[in-house]
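The structure under discussion appears below in the form of structure tokens.
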Amino acid sequence: MKNRELAQLLHEMSILLEVEGKDRFKPRAYARAARAVSSLGEDIESIAARGELTDIPGVGKSIAKKIEEYLRTGRIEKLEALREKIPVKVAELEAIPGVGPKTIKTLYESLGVTDLDSLEAAIREGRLKGLRGIGTKTIEQISEGIALVRAGMSRVLLSDALALAESLVEHIRSQVPVKRIDIAGSVRRRKETIGDIDILVCADDGEAVAGALMNSPETADVLVHGDTKTSVRLRGGTQVDLRLLAEESYGAGLQYFTGSKDHNVHLRSIAMRKGLRLNEYGLFDKDRMVAGREEQDIYSTLGLQFIPPELREDRGEIEAAQKNELPILISPNDIKGDLHVHTNQSDGANTLEEMVTAAEVLGHEYLCISDHSKSLTIAGGLDEGGLLRQMDRIDELNASGRWRVRILKGIEVDILPSGELDLDDSVLSQLDVVVASVHSHLKDDRATMTERVVTALGNRHVDILGHPTGRMLLRRPRIEIDLERVFEAARENQVIMELNSHPVRLDLNDANLRLAKEMGLLIAINTDSHRTQELENLRFGVAQARRGWLTAEDVINTRSVDDLLRMMS
DNA sequence: GCCGTTTTCGGCCCGACTGTTTTCAGTCG
């Protein structure tokens, strides 16, 4: 996938153009194109091959040409020229909170600052003093910002952000009476990683609410404190924005601060076309508010279905809502069982019995035990003999009547570098569910890895491809693989794609899921649990599935155990 | 540079907060 790199290049162009300062709107056009490219569900190369680059919103003739140039040569001449003219390390400087294009321009033109080191030197030598628009406060803020960037202040996992946000909401509730309080922003949209946390409140004593946040045990610093907005930094480095909203504007604020930015811009353009004005205080006809108290009123007044937060990325959800064609998204209650969990027979922490008991408490109808296979020695993978003994044990437990949960026999079998599976077909054929996964030789090149996985999918015993891209959020990138090729092979062989619910994996991602669905594939939402508590991670998998536009129909483990086994046989 | 149920030209989201300004510019979301 070259999408990410291309998006970065387009973004860099937008900043450099802004520093150049010739045109006020060209930088915005490049920024928009960069965002559009980064949220594509498909390889940019495939779109280019079909000649459909200008179908991407924000990409016109000129940017399409530059994309083609990049795909052909790996470079964009115009960007190279800009870099030559303005040799600034945009990504480094832009990461400093409070530093944007204009500041970068000033620092570069007046002081020759091009990166963190030269900026730090300029501060040390006192050369920032006296620059127009930069006073002692700003210098201090930049100094602290440099330290934050150096410390690698980064995004956090959705699971961590959600836990923090929920505990802050509880803290505020316990301190101050509130009429309404909600988590908004990317946490509400359930993005896989989170930059900062947004909390919205309607309360009689707004100052007390802000105080509760500023004094919370998690709070390290107060960044901003005004009448309607307070921002703090938590001990872990995560920023929290608290906004106080009036009751009659609460829905409009919730809509506005949930985002995404692109969704809101698009929504506002629809309002404009209807002669209305939309902002965080409401939807207005001249000065008269026509919606604002409830979020759904904003959408209905604009002639739209209510759009679930997980879809609000301006990836077609607004057009679908206009036509009344939004999918009925899967919900946690639709899930009837988990098809990928480990026990202490391989690298899990709990016994088979403990895992089944925990699944029963969650109300699962079935649980498939799928420990690792023998080549994954570090995880204590099972060989054929060990697996057969586990299967006998499962038969005994199912027969014992101790649980309502039906235990299914499975394995997470390694896909070897050759594309062969790690266990003999004669044993695999006796299992209910075979999950096949790549755990080794993760650095195979794209062609090799694609061939390897496609070969594995050709084994008739494989039911599910486990964590198909192998990525670990904030830790390691996805494997190099042609997903479309893999999806085609999966369709031919009737293999199901896993949506691994572990908060670090969430693999497939939202865009991949949508592509898989469009290509007619079924998805299994599994937890890959290694301990009983992780069975509850289904919550994150379902959220990701919703971001991928999936309905209950698209997901195999919304089926009863009989239907499930029939579909996988 | 992009885009169009007002437009192929003339617009381009908008408000809060901060700092450095004596009336506003820059950043952020």
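Throughout, protein chains are lettered first and strands after them, A, B, ... in sequence-line order, and every chain is numbered starting at 1. On a predicted model such as this, the values are computed, not experimentally measured, just so you know.
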Fill in the blank from the handout: So, with a heavy-atom separation below 4.0 Å from DNA chain B, the residues of residues 19-27 of chain A are A:Asp23, A:Phe25, A:Lys26
If you measure from the [atom1] atom in [N] to the same atom in [M], how many Å do you get, rounded?
N	M	atom1	value
B:dT23	B:dG29	P	29 Å
B:dG1	B:dT8	C1'	14 Å
B:dG11	B:dT18	P	34 Å
B:dT7	B:dC3	C1'	9 Å
B:dA25	B:dT21	P	13 Å
B:dT27	B:dC13	C1'	15 Å
B:dT20	B:dC28	P	15 Å

Practice task
Check whether the side chains of A:Asp507 and A:Gln544 place a donor and an acceptor atom closer than 3.5 Å, and report yes or no.
Solution key: no
Handout entry: Salt-bridge contact A:Glu295-A:Arg180 (side-chain N to carboxylate O under 4.0 Å)
Key = no
Practice task
Examine A:Arg243 relative to A:Tyr250 and say whether NZ or CZ is less than 6.0 Å from the centre of the six-membered ring and inside a 45° cone about the ring axis.
Solution key: no
For residues 168-175 of chain A, please give each side-chain donor-acceptor pair under 3.5 Å, one per line with the distance, not counting sequence neighbours.
residue  : atom : partner  : partner atom : Å
A:His171 : NE2  : A:Ala212 : O            : 3.0
A:Ser174 : OG   : A:His171 : O            : 2.6

Practice task
Using a cut-off of 6.0 Å, state whether more than 12 heavy atoms not belonging to A:Asp227 lie near its atom CG.
Solution key: no
Mind listing the N/O atom pairs, protein and nucleotides 14-19 of chain B, below 3.5 Å?
residue : atom : partner  : partner atom : Å
B:dG15  : OP1  : A:Asn279 : ND2          : 3.4
B:dA16  : OP1  : A:Tyr281 : OH           : 2.6
B:dA16  : O3'  : A:Thr228 : OG1          : 3.0
B:dC17  : OP1  : A:Asp227 : N            : 3.4
B:dC17  : OP1  : A:Thr228 : N            : 2.8
B:dC17  : OP1  : A:Thr228 : OG1          : 2.9
B:dC17  : OP1  : A:Lys229 : N            : 2.8
B:dT18  : OP1  : A:His225 : N            : 3.0
B:dG19  : O3'  : A:Thr138 : OG1          : 3.1

Problem - Watson-Crick or G-U wobble partner of B:dG15, both distances under 3.5 Å - result: B:dC28
Practice task
Describe the nucleic acid contact of A:Asp196 in one word from base, sugar-phosphate, nothing, applying a heavy-atom distance below 4.0 Å.
Solution key: sugar-phosphate
Practice task
State whether A:Ser269 places a side-chain N or O below 4.0 Å from either non-bridging phosphate oxygen (OP1 or OP2) of B:dC13.
Solution key: no
